[in-house]
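For reference, the structure discussed in these notes is given below.
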Amino acid sequence: MTVLCGLCTGVFVLGGLFGGRGDVFGGGEVALLALIIGGLPTAIGIGLFYGGRRMLRASDPPKIVVRLDEPQDGPTP
């Protein structure tokens, strides 16, 4: 979602900034409109990516600690 929306927004922003004034895709208005319309889905996609990554890293299995300095239950040799 982030890549597709970001690439499409980037194409329209660059086209708006570097296109001629007489072109259909020219002018800063097109760049601003692309940022408004395409920026929100791009930001949501970035949030979903980092949120999912945080959830994945939070589910690490518990670590088992064995202490060797305490006596264990059982017969002594």
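These numbers come from the heavy atoms of this one structure, side chains and all, not from hydrogens, waters or symmetry mates.
Screening Leu33, Leu35, Leu40 for a side-chain contact (heavy atoms from CB on, under 4.5 Å) involving Ile37 leaves a single residue, Leu33.
The shortest side-chain heavy-atom distance between Arg54 and Tyr50 does not fall under the 4.5 Å cut-off.
Through side-chain heavy atoms spaced under 4.5 Å, either directly or across other Ile, Leu, Val, Met, Phe, Trp or Tyr residues, Val3 is tied to Leu7. Other cluster members for Leu4: none, since no ILVMFWY side-chain heavy atom sits under 4.5 Å from it. Through side-chain heavy atoms spaced under 4.5 Å, either directly or across other Ile, Leu, Val, Met, Phe, Trp or Tyr residues, Val11 is tied to no other residue.
Here the CZ-CG distance, from Arg53 to Leu48, works out to 14.0 Å after rounding to the nearest 0.5 Å.
Residue Ala34 comes nearest to Val13 through the heavy atom pair CB-CG2, 4.0 Å, listed as atom of the first residue, atom of the second, then distance.
In terms of modelled atom types and a separation under 3.5 Å, the side chain of Thr2 and the main chain of Ile46 share a donor-acceptor contact.
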